> 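I'd like to ask some things about the structure below.
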Amino acid sequence: MKFRFEFKPLTDELGNKINSCLKAGNAILESTEVTELLHIVLVVGNFINTGGYAGNAAGFRLSLLSKIHEIKSNKPRMTMMHVLVELIEKNRPELLNFYQKFENIAQVAEIDIAENGKELQELTKLLDDIKRRIKKLDQDSIDKFSTVIKEATDFCETAKDGLDEVNGLEARFIEFFVLDKNSYSLRECFRVFSIFCTNFEKAIGENRKRREQEARLARRKSELAEKESLPRARSKGGLPPPEEECVIDKLLSEIRGGLKLRRTRRRAL
C-alpha cells in the first residue's frame, strides 16, 4: 500500500510531462498557421535586408524567432516584431491569435526530456526491486499486490513508449526546421517558440497602444491648428468678430421664429 502511494504521484507527474511534450510538439509541426508565419518572417527579413548580403534568403535559423523582438526598425520604439505584427494585422488578421493554441508552451519549455528518461529508469528499477521482494512472499500476499504491480508495470511500458515518441518528435523537429542535431534539442525548440509567442502577444498590445497615442496626438494637432487658424481668418475678414457673430446668430434665430422685418422708409434727398 505504501508503494502505491509513493509510486502513483511519480507516475502521474512523469506521465503529464510526456503528454505535454507530445501535445505541444505535434501542435507546432501540424500547424498551418505556424508554417505561414514562418514564411511571412522570411519575407519581412528579406525586405529589411534588401541589397545586403542577407537579402533574398531561402530560409533562416530557428533561433531568429527568439530574437525578432530585439531587431530595431527605422521607426522609433518599433522592432521587427512590431512590423511583423502590423503586417499580419493588415493582411492576415486570422493569424493574430495563433499563439493561443500554444498557451502552455512556456511550461513545456521547462521540461527536461533527458531528466524524464532518468526518472523512468529509476521508477523501473524500483518496480523491479519490488517484484523481486514480492516473489519471496506467500501467495496471498502476492495476490494482494498483483493489481498494484500490474498498474505500475503498465505505466512503465506506456511511459517508455511515450519517451520513444518524444525522441522521435525531436528528430521530426530537426528534419522539419533543418536543424543541427548537435546544437538543438526539443527543449530548445520549445524555448524558442515560447519566447516568440510571448513577444508576439506583447507586440499586439504595444501596437494598439501606440496607435491610440498617435490618434490622440493627431487630434491635438488638428485642434491646435484649428485654433491658430481662427485669428488669421478674422484678420483677413474671413470671419466676423465675435460681437457680429452674436448679432448674426440672433438675427437668424428671429427670422426662423417668424419675425416680420419692417422696411425702412427712404429719406428724400
Side-chain angles (χ1 to χ4, degrees), residues 20-111 168-181 183-215 218:
S20 295
C21 286
L22 292 174
K23 183 179 179 181
N26 286 319
I28 291 173
L29 291 177
E30 296 169 4
S31 173
T32 56
E33 294 172 329
V34 168
T35 302
E36 189 164 356
L37 276 168
L38 295 178
H39 176 69
I40 296 174
V41 170
L42 178 62
V43 171
V44 172
N46 280 334
F47 177 79
I48 291 176
N49 293 311
T50 298
Y53 75 93
N56 199 30
F60 59 88
R61 295 181 183 275
L62 186 66
S63 59
L64 175 66
L65 294 180
S66 63
K67 301 174 182 177
I68 289 179
H69 65 287
E70 299 174 352
I71 302 175
K72 303 295 184 182
S73 74
N74 58 358
K75 191 173 182 179
R77 296 185 301 164
M78 286 191 71
T79 66
M80 182 178 173
M81 181 66 83
H82 294 106
V83 174
L84 175 66
V85 169
E86 192 170 64
L87 182 66
I88 292 173
E89 285 173 334
K90 293 179 180 178
N91 298 280
R92 296 303 305 276
E94 65 275 14
L95 297 178
L96 279 177
N97 296 324
F98 87 96
Y99 60 87
Q100 294 179 355
K101 295 182 179 180
F102 312 110
E103 56 184 7
N104 296 324
I105 192 69
Q107 290 79 8
V108 175
E110 297 297 324
I111 297 175
L169 187 65
E170 183 173 88
R172 289 170 59 197
F173 262 77
I174 290 173
E175 180 181 3
F176 185 83
F177 293 108
V178 195
L179 305 174
D180 180 358
K181 63 181 180 180
S183 303
Y184 279 91
S185 64
L186 185 60
R187 185 181 185 185
E188 175 63 14
C189 293
F190 287 150
R191 187 190 71 84
V192 168
F193 273 96
S194 174
I195 294 173
F196 179 73
C197 289
T198 298
N199 286 287
F200 187 93
E201 181 181 11
K202 183 180 178 182
I204 292 176
E206 290 173 344
N207 277 0
R208 180 172 59 251
K209 185 179 294 185
R210 189 186 67 257
R211 285 194 296 268
E212 291 172 352
Q213 291 173 343
E214 290 174 349

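Values below: every heavy atom of this structure, side chains too, minus hydrogens, waters and symmetry copies. Keep in mind that what you see is a predicted model, and the values were worked out from it rather than measured.
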> Check for a donor-acceptor pair, side chain of S194 on one end and backbone N or O of F190 on the other, with a separation under 3.5 Å.
no

> Using the ring of each side chain (for Trp, its six-membered ring), is F200 parallel, tilted or perpendicular to Y99, with breaks at 30° and 60°?
tilted

> With sequence neighbours left out, write down each residue that passes side-chain hydrogen bond (donor to acceptor under 3.5 Å, both in side chains) with N91, or none if nothing qualifies.
none

> Report yes if some heavy atom in the side chain of V83 is under 4.5 Å from a heavy atom in the side chain of E86; otherwise report no.
no

> Taking all non-hydrogen atoms of both residues into account, name the closest pair between A203 and M81 and its distance.
CB-CG, 3.6 Å

> Measuring only between side-chain heavy atoms, which start at C-beta, is I28 closer than 4.5 Å to I105?
yes

> Are F177 and F193 an aromatic pair, judged by ring center distance below 6.0 Å?
yes

> Looking only at non-hydrogen atoms, find the nearest pair between L169 and L22 and report the distance.
CD2-CA, 4.1 Å

> So, E33 side chain and L95 main chain: donor-acceptor pair closer than 3.5 Å or not?
no

> What residue pairs, at least two apart or across chains, pass side-chain hydrogen bond (donor to acceptor under 3.5 Å, both in side chains) with a residue in residues 21-32?
N26-R172

> Classify the ring geometry between F196 and F98 as parallel (under 30°), tilted (30 to 60°) or perpendicular (over 60°).
tilted

> In terms of heavy-atom contacts, does CZ of R208 have more than 12 from other residues, nucleotides or ligands at under 6.0 Å?
no

> Please lay out, stage by stage, how R210 and E206 fare under the test salt bridge (Lys or Arg N to Asp or Glu O under 4.0 Å).
CA-CA 6 Å; R210 189 186 67 257; E206 290 173 344; over 6 Å; no

> To check you understand the geometry: which heavy-atom pair defines the closest contact between C189 and L62, and what is its length?
SG-CD2, 3.9 Å

> Check whether any side-chain heavy atom of L84 lies under 4.5 Å from a side-chain heavy atom of I40, and answer yes or no.
yes

> Using a cut-off of 6.0 Å, state whether more than 12 heavy atoms not belonging to E175 lie near its atom CD.
no

